[in-house]
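As the structure is a prediction and not an experimental result, all values here were calculated from the model.
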Amino acid sequence: MNSRLTEKLGISVKEELLTLALTHRSFAYESGGLPTNERLEFLGDSVLGLIITEALYERFPDFDESRLSPLRSGVVNMRALAQIARDLELGASLRIGKGEENTGGRDKNSILADSFEALVGAIYLQHGYEVTTSIVMRLMSGSIEEAVSRGAGLDGKTALQEFVAAQNWPAPEYRVSESGPDHDKNFVAVAVVNGQTYPEGKGKSKREAEQIAARLAFEALSEPRA
């Protein structure tokens, strides 16, 4: 099974590293305390974040941090990483405990996403940054394009407005309340979309609170369904 995985990756990974990357803690504990993939996951998470951040930074030179950050979140999130793991058929190669096996652990988003990050960590340790970047970008280019098409790099209100318009729904409404003295105001906003109210956005200005509320509503509406 691991040979099929490395074939899909298009690169060899040392058996020891690959086995470690595929060892979930449930298997390790049931087997008497074997090493788990959690250290590799920790490393892979950072490597993956840097690769995607660098790619977005170079691709969108006019975007400031407020636009790059949600765009990155739209690319590097549990659901997106789990889908890539499914494309690699990673679940079939995982070493998981009997309890997880019986509850569908091989297809759980959290386990798949964490294991993919561990796999990235293993590739990085063996092959270095440039090779890992090449593989990650090949595997995740679709996720980047999807995030861009969903407007994840737009400011919150623009992203929500475009999403709502595409659904032919009425324009979003914002309900804002304020508290505190004039010199230290606090604002709370909620977005109402198609009759549904979404989580509160809080800020030191009305605009900031509305932007956060819009982003929360947009993320809830555009999140892929399980």
Open item on the list: With a 4.5 Å cut-off on side-chain heavy atoms, are Leu221 and Tyr198 touching?
Closed with: yes
Open item on the list: For the CD atom of Glu173 and the OG1 atom of Thr197, what is their distance to the nearest 0.5 Å?
Closed with: 9.0 Å
TODO: Kindly compute the distance separating NE2 (His24) from CD (Glu100), expressed to the nearest 0.5 Å.
DONE: 5.0 Å
Task: Phe187 backbone acceptor or donor facing Lys202 side chain under 3.5 Å - done: no
Open item on the list: Applying ring pair (Phe, Tyr, Trp, His ring centres under 6.0 Å), can you list everything that pairs with Phe42, at least two apart in sequence or on another chain?
Closed with: none
TODO: Go through the steps for Glu38 and Arg25 under the test salt bridge (Lys or Arg N to Asp or Glu O under 4.0 Å), then give the verdict.
DONE: CA-CA 8 Å; Glu38 291 177 352; Arg25 64 176 177 270; 3.1 Å; yes
Task: Between CD1 on residue Ile96 and CG on residue Leu22, distance to nearest 0.5 Å - done: 11.5 Å
TODO: Would you please name every residue forming a side-chain contact (heavy atoms from CB on, under 4.5 Å) with Asn168, sequence neighbours left out?
DONE: none
Task: Test item: Leu119 and Leu18 side chains (from C-beta on) under 4.5 Å apart, heavy atoms - done: yes
TODO: Determine whether Leu139 and Phe116 make a side-chain contact, defined as any pair of heavy atoms from C-beta on separated by less than 4.5 Å.
DONE: yes
- [ ] Using the salt bridge (Lys or Arg N to Asp or Glu O under 4.0 Å) rule, take Arg59 and Glu145 through it: C-alpha gap first, then chi angles, then the decisive distance, then the call.
- [x] CA-CA 12 Å; Arg59 177 169 172 177; Glu145 296 308 320; 2.5 Å; yes
Task: Leu34 and Arg95, any side-chain heavy atoms less than 4.5 Å apart - done: yes
Task: Atom pair CD/NZ of Glu30 and Lys98 - distance to nearest 0.5 Å - done: 7.0 Å
Open item on the list: If we check side chain to side chain contact (heavy atoms under 4.5 Å, CB included) with Val76, which of these qualifies: Ile144, Ile51, Leu81?
Closed with: Leu81
Task: Ile11 CD1 to Thr132 OG1 distance, which is reported to the nearest 0.5 Å - done: 7.0 Å
Task: Heavy-atom side-chain proximity of Tyr124 to Leu43 below 4.5 angstrom - done: yes
Task: Straight-line distance of Glu208 CD to Asn186 CG, nearest 0.5 Å - done: 10.0 Å
Open item on the list: Please determine whether residues Val190 and Leu160 belong to a single hydrophobic cluster, defined as Ile, Leu, Val, Met, Phe, Trp and Tyr linked transitively by side-chain heavy-atom distances below 4.5 Å.
Closed with: no
